[in-house]
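Below is one structure, written out as structure tokens; comments come after it.
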Amino acid sequence: MTKKITTIKEMQSIVKTLKKENKSIGLVPTMGALHEGHMTLMKRAQQENDLVIASIFVNPLQFGPNEDYEDYPRQIDQDQAFLAENGIDYVFAPEPEEMYPRPSQIQLTVGAMAQVLEGAKRPGHFDGVVTVVNKLFNIVLPDKAYFGKKDAQQLAIIEQMVAEMNHSVEIVGIDIVREADGLAKSSRNVYLTETERTEAVALSQSLKVAKTLYDNGERSVEVIENAIKTYLSQHTAGFIDEVAIYSYPELKQVAMIESQVFISLAVKYSKARLIDNIILKDEQ
Ligand SMILES: Nc1ncnc2c1ncn2[C@@H]1O[C@H](COP(=O)(O)OP(=O)(O)OP(=O)(O)O)[C@@H](O)[C@H]1O
Ligand SMILES: CC(C)(CO)[C@@H](O)C(=O)[O-]
Ligand code: BAL
């Protein structure tokens with residue numbers, strides 16, 4: 001059975017007991033509408049900790065005014081059953097009023113790392129992410145916390161936050177989990193129409209085109225970005241919102257592909273904005 005906790009006080013009291021018993025805690029922060037991508041994070045957390053706390057919280061602070069906060073899929077009972085089937089110990093699922101009971105006097109702001117890629121498209125998004133993740137770390141006091149590489153910029157910023165704020169937690173990044181045809185699993189995939197779902201395979205396919213170019217020796221950012229844009233425009237009617245190559249984890253733009261970089265892309269469909277990325281390593 002997965003025990004559902006909705007108050008910070010109860011969660012902290014459970015954590016206190018677990019710490020007294022010397023149990024290691026793995027935290028998997030999510031926004032719910034759980035799928036196999038999330039479950040891969042949970043499984044890894046189970047392997048590496050005495051017990052796992054999943055959090056489900058659609059964090060209002062990380063959504064812009066014209067984004068899908070109201071519409072974001074919420075299915076806590078289904079999620080709790082899925083967590084129980086997979087032997088997850090606790091789900092921390094507070095309401096927004098529990099996490100943010102009063103107007104905030106103290107704000108966290110992410111610097112240059114949040115001015116590019118997703119952060120540039122979604123102003124304030126990463127300030128909201130680090131705020132809630134900070135609170136979750138303080139409430140759950142995890143030994144390890146698990147984040148997907150699908151949100152590569154988020155992972156880099158959280159690693160930076162942990163280093164700067166001296167959180168006693170080890171951050172574990174998990175590879176992107178994909179559908180059989182290559183589409184990255186995402187809670188927002190349910191928004192896709194049938195045609196969009198068929199076409200959305202173009203995101204991962206275009207990254208494969210880029211990888212092949214890279215493997216064949218291409219190192220020009222412009223050539224690789226253009227190849228992705230061309231592939232996408234030929235294979236999907238979705239709006240190409242972003243195709244960019246950045247160093248990882250510094251999140252600095254690169255002129256040539258010389259070090260570890262990631263190619264990030266975002267495509268907007270009628271209701272869903274999907275992201276994907278691939279990390280390229282220069283073996284030379
Ligand atoms: N396909 C995936 N592979 C690996 N990690 C994933 C995948 N999908 C989500 N995650 C990770 O799970 C955690 C929770 O993500 P979240 O609840 O936002 O799910 P999501 O499916 O990414 O939803 P969204 O539709 O908002 O993109 C994040 O660390 C995210 O990177
Ligand atoms: C890390 C997170 C749970 C914080 O709200 C969210 O950004 C997500 O689901 O990736
Ligand atoms: N997985 C990223 C959370 C968001 O889109 O707000």
Side-chain angles (χ1 to χ4, degrees), residues 26-45 52-64 66-76 79 82-83 91-94 96 99-100 108 110 114 117-119 121-137 139-140 142 144-159 161-162 169 171-192 200 203-204 241 262 264 266-269 271-279:
L27 171 67
V28 183
T30 82
M31 302 206 303
L34 301 178
H35 51 67
E36 287 302 326
H38 298 116
M39 220 32 86
T40 305
L41 273 65
M42 311 259 177
K43 289 257 151 68
R44 177 77 176 271
V52 174
I53 300 175
S55 66
I56 295 184
F57 181 62
V58 185
N59 174 32
L61 287 194
Q62 68 188 71
F63 287 80
N66 299 317
E67 293 182 13
D68 55 350
Y69 175 67
E70 299 297 339
D71 287 346
Y72 198 84
R74 289 168 175 84
Q75 44 173 62
I76 185 67
D79 286 347
F82 191 38
L83 291 170
V91 57
F92 178 51
M99 290 296 265
Y100 305 117
L108 295 181
V110 186
L117 298 165
E118 287 300 282
K121 298 283 172 186
R122 303 180 66 185
H125 170 68
F126 288 113
D127 297 345
V129 169
V130 294
T131 301
V132 78
V133 172
N134 232 292
K135 285 169 76 80
L136 290 169
F137 286 176
I139 296 164
V140 172
K144 294 187 181 190
Y146 297 79
F147 294 88
K149 292 185 186 172
K150 178 162 78 74
D151 298 280
Q153 187 176 15
Q154 170 171 282
L155 178 58
I157 288 173
I158 287 169
E159 280 169 345
M161 177 188 84
V162 165
V169 59
I171 301 301
V172 182
I174 304 288
D175 286 344
I176 301 176
V177 181
R178 298 180 178 281
E179 303 287 355
D181 66 0
L183 175 66
K185 288 190 188 259
S186 165
S187 308
R188 288 186 172 99
N189 289 350
V190 295
Y191 295 147
L192 298 171
L203 275 77
S204 61
D241 202 27
F262 75 115
S264 175
V267 175
K268 268 188 189 165
Y269 289 100
K271 227 181 143 204
R273 181 175 175 280
L274 303 185
I275 59 171
D276 202 346
N277 71 73
I278 193 168
I279 292 185

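Just follow the structure's listing: the first ligand is 1, and inside any ligand the first atom is 1. Side-chain atoms are counted along with the backbone in the values below, which use heavy atoms only and exclude waters and symmetry mates. One-based numbering along the sequence shown. As the structure is a computational prediction, the values presented were derived from the model and not from experiment.
The distance from ligand 1 to the heavy atoms of Pro29 drops below 4.0 Å at these ligand atoms: 13 (C), 14 (C). Applying the 4.0 Å criterion to heavy atoms of Gly148 picks out, from ligand 1, the atoms 5 (N), 11 (C), 28 (C), 29 (O), 30 (C), 31 (O). Atoms of ligand 1 lying under 4.0 Å from at least one heavy atom of Lys185, given by number and element, are 1 (N), 2 (C), 7 (C), 8 (N). Residue-ligand proximity, Phe147 to ligand 1, at heavy-atom distances under 4.0 Å covers atoms 29 (O). Per-residue contacts place Thr30 under 4.0 angstrom from the following atoms of ligand 2 (heavy atoms of the residue considered): 3 (C). Distances below 4.0 Å separate heavy atoms of Asp151 from the following atoms of ligand 1: 22 (O), 28 (C), 30 (C), 31 (O). Every atom of ligand 1 is numbered from 1 in the order shown, and the set under 4.0 Å from a heavy atom of Tyr72 is 18 (O), 23 (O), 24 (P), 25 (O), 26 (O). Every atom of ligand 1 is numbered from 1 in the order shown, and the set under 4.0 Å from a heavy atom of Ser187 is 19 (O), 20 (P), 21 (O), 23 (O), 25 (O). Of all atoms in ligand 2, numbered sequentially from 1 with element shown, those under 4.0 Å from a heavy atom of Pro29 are 3 (C). Counting atoms of ligand 1 from 1 in the listed order, those under 4.0 Å from a heavy atom of Lys150 are 7 (C), 8 (N), 9 (C), 20 (P), 22 (O), 27 (O). Distances below 4.0 Å separate heavy atoms of Val132 from the following atoms of ligand 2: 4 (C), 5 (O).
Between the side chain of Asn277 and the backbone N or O of Lys149, at least one donor-acceptor pair lies under 3.5 Å. Put simply, the side chain of Asn189 gets close to the backbone of Ala184: a donor and an acceptor are under 3.5 Å apart. A side-chain donor-acceptor contact under 3.5 Å links Lys135 to the backbone of Met99. Panel note: side chain Asp79, backbone Leu34; a donor-acceptor pair is recorded below 3.5 Å.
Ligand 1 lies less than 4.0 angstrom from a heavy atom belonging to His35. Using a 4.0 Å cutoff on heavy atoms, Asp175 counts as a contact of ligand 1.
Not a single N or O atom of Leu41, backbone or side chain, sits closer than 3.5 Å to an N or O atom of ligand 1. Where the criterion is an N or O separation shorter than 3.5 Å, residue side chain and backbone included, Met31 meets it with respect to ligand 1. Between Lys149 and ligand 1, no N or O atom pair is found at a separation short of 3.5 Å.
Salt bridge absent: Lys121 and Glu67 never bring a charged side-chain N and a carboxylate O closer than 4.0 Å. Taking the charged nitrogens against the carboxylate oxygens, Asp175 and Arg44 have no contact shorter than 4.0 Å, which rules out a salt bridge.
Counting heavy atoms from C-beta outward, Gln153 and His125 have side chains that stay 4.5 Å or more apart. Residues Leu136 and Phe57 are not in side-chain contact: their nearest non-hydrogen atoms beyond the backbone lie 4.5 Å or more apart. Two residues are said to be in side-chain contact when any heavy atoms from C-beta on lie closer than 4.5 Å; Tyr72 and Asn59 fail this criterion. Using a 4.5 Å heavy-atom cutoff, the side chains of Leu27 and Phe92 are not in contact. Taking the side chain as every heavy atom from C-beta outward, Leu274 and Leu192 approach each other to under 4.5 Å. With a 4.5 Å cut-off on side-chain heavy atoms, Thr30 and Tyr146 do not count as touching.
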Arg178 and Asp276: CA distance, side-chain angles, deciding distance, salt bridge (Lys or Arg N to Asp or Glu O under 4.0 Å) verdict: CA-CA 10 Å; Arg178 298 180 178 281; Asp276 202 346; 2.9 Å; yes
Candidate pair Gln154 and Val133, rule side chain to side chain contact (heavy atoms under 4.5 Å, CB included), full reasoning: CA-CA 11 Å; Gln154 170 171 282; Val133 172; over 6 Å; no
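For atom 26 (O) of ligand 1, the nearest protein heavy atom (residue, atom name, distance) is Arg188 NH1, 2.6 Å. Looking only at heavy atoms of the protein, atom 12 (O) of ligand 1 is closest to His38 CD2, 3.4 Å. Gln62 OE1, 3.4 Å is the protein heavy atom nearest to atom 4 (C) of ligand 2. Atom 9 (O) of ligand 2 has its closest protein heavy atom at Met31 CG, 3.4 Å. For atom 3 (N) of ligand 1, the closest non-hydrogen atom on the protein side is Val177 N, 2.8 Å. Annotation: atom 10 (O) of ligand 2 to nearest protein heavy atom, Gln154 NE2, 2.8 Å.
With respect to Lys185, the side-chain hydrogen bond (donor to acceptor under 3.5 Å, both in side chains) criterion is satisfied by exactly one of Glu36, His38, His35, Glu179: Glu179.
Phe126 contributes atom CZ, which lies 6.0 Å from atom CD of Glu118 (distance to the nearest 0.5 angstrom).
Taking the six-membered ring where tryptophan is involved, the planes of Phe137 and Phe147 are perpendicular, since the angle between them exceeds 60° and thus also 30°.
For ligand 3, the protein residues placed under 4.0 Å by at least one non-hydrogen atom are Met31, Gln62, Arg122, His125, Asp151, Arg188.
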